[in-house]
Amino acid sequence: MEPEFIQKAFENTLKELGFENFVNKIRFEQPRNEQFGDIATNIALLIGKEKKENPRKIAEDITSKLSFDPNLIDKISVDGPGFINIKLSNLFFTQELERMFNLGENYGKSSKGSNRKVNVEYVSANPTGLLHLGHGRNACIGDSIANLYQWLGYDVTREYYFNNAGRQMQILARSIYARYRQLLGEEEFPFPEDGYFGDYIKDIAKEIAEKFGDQYKVETAENLEFFKKYGENWCFEKIRSTLEKLNIRHDLFFNEDTLYSTGKINEVIDILKQKGLVYQKDGALWLAFTKLGLTEDRVIVKSSGEPTYRLPDIAYHRDKFERGFDLIVDILGSDHIATVPDVIAGLGALGYDTSKVKVVFHQFVTLTENGEQVKMSKRSGRSYTLDELISEVGPDVVRFFFLMRNVSSHLEFDLGLAREQSEKNPVYYLQYAYARICSIFDTAKERGIEFNFEANTTCLEHPQELNLIKVQRRFPEVIEIAAEKFEPQILADYLYDLATAFHTFYHNCRIIGSEEPILSARFKLAKVTQTILKNGLTILGVSAPTRM
RNA sequence: GCGCCACUAGCUCAGUUGGAUAGAGCAUCAGCCUUCUAAGCUGAGGGUCACAGGUUCGAGUCCUGUGUGGCGCGCCA
């Protein structure tokens, strides 16, 4: 974020003073307190510590030798224990505005990820039911992380992994079948003990009964297969339609079954055997995780011949490696924390660079209203599904609320606040800033006001104008940090700051009605804000309405 | 018992790799619309950063221990 000429000047000065070892330790930050200027560095403190010299003295030596274009710098000072503080000039900031304005829609884009492939896997719910709130948070986090990387120029694959063959699907089939028999009049027909008790199972059974009557009444393997397939399709259709409402579309639905049909499961077993990492015990096949630094060995093929989840998970991630991804991101709920070390260890044993795998764990979601936890939907009387939440508060609110907290924090979703279509709701604060800007441009057009793109911006000097530029300048860095840390919340927070800076500017500085060159300079300020808001909201998956 | 996550204002949460006087929103109180959207702006009050030690020029941030809450610890996924 700091301009290059400052970085260069410090590098040169440090070399000149014989501190070349510290050149790569130079860090700049924006001081919290404005009185310390725009850019600060603690490099003199670091040097002082290591050399056991007075840091203030070192800071003064450095500042006396620094050379900059004096038009870009207002003041350099040494403060406190030895911070070097730099105040940039208005000229510098207005030139920055020009630069951002000229980049247009591309401001904040980067070529950082060019020729780099990243895979983001998220949602990945098996087709045995409807998406719930946890899936919603998972989906929004994953999609926004994918958007962030795409924005940085990475080649992004959005992936959904599912299993439609295992035991869970048998339970689904039997659950629907039982409800179906009950619907056909056998109210006492036994429901499987480990079955899915959700009401959607009854919906599916009802649909089947209405379409096919008692055609599938006999309990045969063939008929159960029918119930399984029907249930799977039904669930997937619901899942896709829910995700579609949030504007989430995956590039690839990866079926676990392909790992079996293509022999990839057996390949993994063979490799692990060759490496002497598996053994038979109690009729099952065990993987010697203790040889890989973990505390316990685990079963990878049950005595029944079926693999446990670990084996396909390892094979699946191996497949991702083989597809050539430079970065493999998994979005998982915190209930999966215990399973990941096994998979990572397995991949390490297979010889893959596991530093390329990043698992993002998000904590749980609780729904509250008026300070009390909400468990059931008032409308349906069932526990809340993601779909119900979307229809209640709208997709923009859902996406923003799921992203406005740290991934690793528990998320309290305040239904009352979310439902509120007022200033209390933070989503509208951002969208309102955008709509306001659009409205200014509309009004200007109506009144026949033309902006002069060539106009000079150096006339800007109001504190709110300069503050807005300062906030705008942070955008590219914010995107990079949010991507690096896999924290869309950082972007959400930033956009909130930007909206605040704009609303304050708007209140203090008029655009329409100002004389040139102020008119066009302020137009550029608004235009850059509009672009950042639009792009930022798009990355978060929130719409940017031109009117509110 | 073990592992991971959290603990910051009445409530919900920010707090970049350790930095200077710990910040927002909501709630409470007080102001601002004949002028580009008041879904906005301005101001006030509100804190032992869970607790106790440690590391150092400097700790909300790093280390150790304790407490409270959440999630896991299967031949379930």
Just checking [X]: base, sugar-phosphate only, or nothing, at a heavy-atom cut-off of under 4.0 Å?
X: Q35(A); result: base
X: N42(A); result: base
X: S303(A); result: base
X: T295(A); result: nothing
X: S439(A); result: base
X: D194(A); result: nothing
X: A40(A); result: base
X: L45(A); result: base
X: T546(A); result: base
X: R32(A); result: base
X: K485(A); result: sugar-phosphate
X: A338(A); result: sugar-phosphate
X: R447(A); result: sugar-phosphate
X: C509(A); result: base

Sort and list the pairs that fulfil ring pair (Phe, Tyr, Trp, His ring centres under 6.0 Å) and have at least one residue in residues 22-55 of chain A, not counting sequence neighbours.
F10(A)-F28(A)

Intra- and inter-strand pairs of RNA chain B in dot-bracket (Watson-Crick or G-U wobble, both distances under 3.5 Å; | for another strand):
(((((((..((((.....[...)))).(((((.......))))).....(((((..]....))))))))))))....

Under the side chain to side chain donor-acceptor pair (under 3.5 Å) rule, collect the residues that match up with [X], sequence neighbours excluded.
X: D313(A); answer: none
X: T529(A); answer: Q472(A)
X: T500(A); answer: Y429(A)
X: T368(A); answer: E412(A)

Which whole number of Å gives the distance between the [atom1] atom of [N] and that of [M]?
N: rA14(B); M: rA52(B); atom1: P; value: 24 Å
N: rG46(B); M: rU8(B); atom1: C1'; value: 14 Å
N: rA20(B); M: rU64(B); atom1: C1'; value: 28 Å
N: rC32(B); M: rU37(B); atom1: P; value: 22 Å
N: rG18(B); M: rC26(B); atom1: P; value: 33 Å
N: rC49(B); M: rG60(B); atom1: C1'; value: 5 Å
N: rA6(B); M: rU61(B); atom1: C1'; value: 15 Å
N: rA59(B); M: rU12(B); atom1: C1'; value: 25 Å

Start and end of the RNA chain B segment that chain A contacts, any atom under 4.0 Å from a heavy atom:
rC4(B) to rA77(B)

E369(A): what forms a salt bridge (charged side-chain N to carboxylate O under 4.0 Å, His left out) with it, not counting sequence neighbours?
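Partners of E369(A) by the salt bridge (charged side-chain N to carboxylate O under 4.0 Å, His left out) criterion, ordered by chain and then number, come out as K378(A), R419(A).
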
For K112(A), all residues meeting salt bridge (charged side-chain N to carboxylate O under 4.0 Å, His left out), sequence neighbours excluded
E480(A), E484(A)

Taken in chain and number order and not counting sequence neighbours, the residues that satisfy side-chain contact (heavy atoms from CB on, under 4.5 Å) with V23(A) are E11(A), L14(A), K15(A)

What pairs with K238(A) under side-chain contact (heavy atoms from CB on, under 4.5 Å), at least two apart in sequence or on another chain?
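Listed in chain order: L130(A), W234(A).
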
Is there a side-chain contact between F400(A) and L430(A), using heavy atoms and a 4.5 Å cut-off?
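Yes, side chains in contact.
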
Y160(A) and Y122(A): CA distance, side-chain angles, deciding distance, ring pair (Phe, Tyr, Trp, His ring centres under 6.0 Å) verdict:
CA-CA 6 Å; Y160(A) 187 122; Y122(A) 54 109; 8.4 Å; no

Closest-nucleotide ordering on RNA chain B, the 5'-leading residue of I440(A) and H507(A):
I440(A)

Name the residue closer to the 5' end of RNA chain B, choosing between Y506(A) and A433(A) according to the nucleotide with the nearest heavy atom.
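In this pair, the answer is Y506(A).
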
Syn or anti for rC41(B)? Use the chi torsion, O4'-C1'-N9-C4 for purines and O4'-C1'-N1-C2 for pyrimidines, with syn inside 90° of 0.
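With its glycosidic angle more than 90° from zero, rC41(B) counts as anti.
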
Please confirm whether R436(A) makes a cation-pi placement over Y506(A), using NZ or CZ under 6.0 Å from the six-membered ring centre and within 45° of the ring normal.
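R436(A) over Y506(A) ring: yes.
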
Between H462(A) and F505(A), ring centroids under 6.0 Å
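Between F505(A) and H462(A), which both carry aromatic rings, the centre distance is not below 6.0 Å.
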
Return the residues of residues 75-88 of chain A meeting this criterion: a heavy atom under 4.0 Å from some atom of RNA chain B. Order them by number, or give none.
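RNA chain B contact set from residues 75-88 of chain A: D79(A), P81(A), F83(A), N85(A).
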
